[in-house]
Amino acid sequence: MSFSQRIVTLRKQRGLTQQGLSDATGIHVQQIKRYEAGSSLPTADALKKLAIILHVTADFLLFEPGEREPEDDMKLRFEAVAAMPEEDREVAKAVLDAMIVKSQVTQTVTRVGKTAAKEKS
C-alpha cells in the first residue's frame, strides 16, 4: 500500500474528512488532497503531525510491512536480548555498538583506499 493509500485509509478509519485532518494537523487541506492523490509527499514536520493525529508511526506511513524490520533470525536474537536482565542487555548493546562502529570504519577505509588507488592511476 502506498503512502497516499495509507493516509486515505487511516483518515477514514479515524472518521476524519480531509478538512478534519487538515484542521487537526494544521496542514492546508489542499496539501492533504495532494498527499492523498499521490502527487506530493510530506516534509518531515508534516509527516510527524500526520503520524501523531493518525496514531501511527512515521515508519508505518512510509514503509511497506517488513521493509524496515530485521531478518527473522535477527528478530529472535533481539527478542532474546530484550528478555535479558538490564545489565546483560547493556553488555549486548555495547558489543553491537562496537561491531557497528567496526563495520563502518572498515567500509570507510575501503572506500578511501579505492579513491586513493584511482587517484594514483
Side-chain angles (χ1 to χ4, degrees):
M1 182 183 301
S2 68
F3 170 77
S4 60
Q5 292 169 323
R6 282 188 188 90
I7 293 294
V8 172
T9 300
L10 289 167
R11 176 179 60 75
K12 289 178 179 179
Q13 286 175 352
R14 303 296 183 274
L16 294 168
T17 61
Q18 289 177 330
Q19 185 63 55
L21 183 57
S22 171
D23 294 342
T25 59
I27 299 169
H28 196 279
V29 69
Q30 291 302 318
Q31 190 62 41
I32 297 292
K33 290 178 181 184
R34 285 190 282 273
Y35 296 156
E36 291 189 1
S39 62
S40 181
L41 290 173
T43 62
D45 185 53
L47 182 65
K48 180 180 176 181
K49 290 175 183 178
L50 289 166
I52 290 169
I53 295 304
L54 297 172
H55 305 287
V56 295
T57 65
D59 277 1
F60 179 83
L61 291 174
L62 294 175
F63 298 101
E64 295 297 323
E67 191 175 4
R68 292 261 315 158
E69 295 177 5
E71 298 294 323
D72 286 342
D73 65 328
M74 290 304 292
K75 282 183 192 178
L76 294 173
R77 287 177 173 90
F78 291 137
E79 288 173 10
V81 169
M84 292 177 179
E86 179 65 26
E87 185 176 319
D88 292 344
R89 282 197 315 268
E90 291 302 318
V91 171
K93 287 193 277 186
V95 170
L96 280 172
D97 288 345
M99 292 300 298
I100 291 166
V101 169
K102 176 187 174 282
S103 176
Q104 290 171 338
V105 168
T106 300
Q107 290 172 2
T108 301
V109 168
T110 301
R111 193 171 52 249
V112 168
K114 287 180 181 177
T115 302
K118 283 182 183 178
E119 290 174 359
K120 285 184 180 180
S121 29

Problem set entry | Within one Ile-Leu-Val-Met-Phe-Trp-Tyr cluster: F63 and F60, side-chain cutoff 4.5 Å |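 Yes, one cluster joins them.
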
Exercise. Can you hop from L10 to L41 via hydrophobic side chains spaced under 4.5 Å?
Worked result: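 Same cluster: L10 reaches L41 through Ile, Leu, Val, Met, Phe, Trp or Tyr contacts under 4.5 Å.
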
For this session: Mind running side chain to side chain contact (heavy atoms under 4.5 Å, CB included) on L50 and V56 for me, showing each step along the way?
Result: CA-CA 8 Å; L50 289 166; V56 295; over 6 Å; no

Exercise. With distance as the sole test, does T106 use its side chain to make a donor-acceptor pair with the main-chain N or O of K102 at under 3.5 Å?
Worked result: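 Looks like yes, one N/O pair under 3.5 Å.
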
Problem set entry | Donor-acceptor contact below 3.5 Å, side chain S22 vs main chain Q18 |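 No, the answer is negative, given that no donor and acceptor are paired below the 3.5 Å cut-off.
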
For this session: May I ask you to decide whether D97 forms a salt bridge with K93, counting only side-chain N to carboxylate O separations under 4.0 Å?
Result: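 A salt bridge is absent here (no side-chain N lies under 4.0 Å from a carboxylate O).
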
For this session: Go through T115 and K118 one step at a time and tell me if the side chain to side chain contact (heavy atoms under 4.5 Å, CB included) criterion holds.
Result: CA-CA 5 Å; T115 302; K118 283 182 183 178; 5.8 Å; no

For this session: Working to the nearest 0.5 Å, report the span between CG of L47 and OG1 of T25.
Result: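 Going from CG on L47 over to OG1 on T25, the span is 11.5 Å.
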
Problem set entry | Close side-chain approach of V81 and M84, heavy atoms under 4.5 Å |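 Result yes, sub-4.5 Å side-chain heavy-atom pair found.
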
Problem set entry | Option passing side chain to side chain donor-acceptor pair (under 3.5 Å) with S40 (candidates Q31, R34, Q30) |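 For S40, the side chain to side chain donor-acceptor pair (under 3.5 Å) test succeeds with only one of Q31, R34, Q30, which is Q31.
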
Exercise. Is the number of heavy atoms from other residues, nucleotides or ligands under 6.0 Å of Q13 CD greater than 12?
Worked result: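 For Q13, atom CD is crowded (more than 12 foreign heavy atoms under 6.0 Å).
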
Exercise. Is it the case that more than 12 heavy atoms not belonging to K75 sit under 6.0 Å from its NZ atom?
Worked result: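 Yes, NZ of K75 has more than 12 neighbouring heavy atoms, counting only those of other groups under 6.0 Å.
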
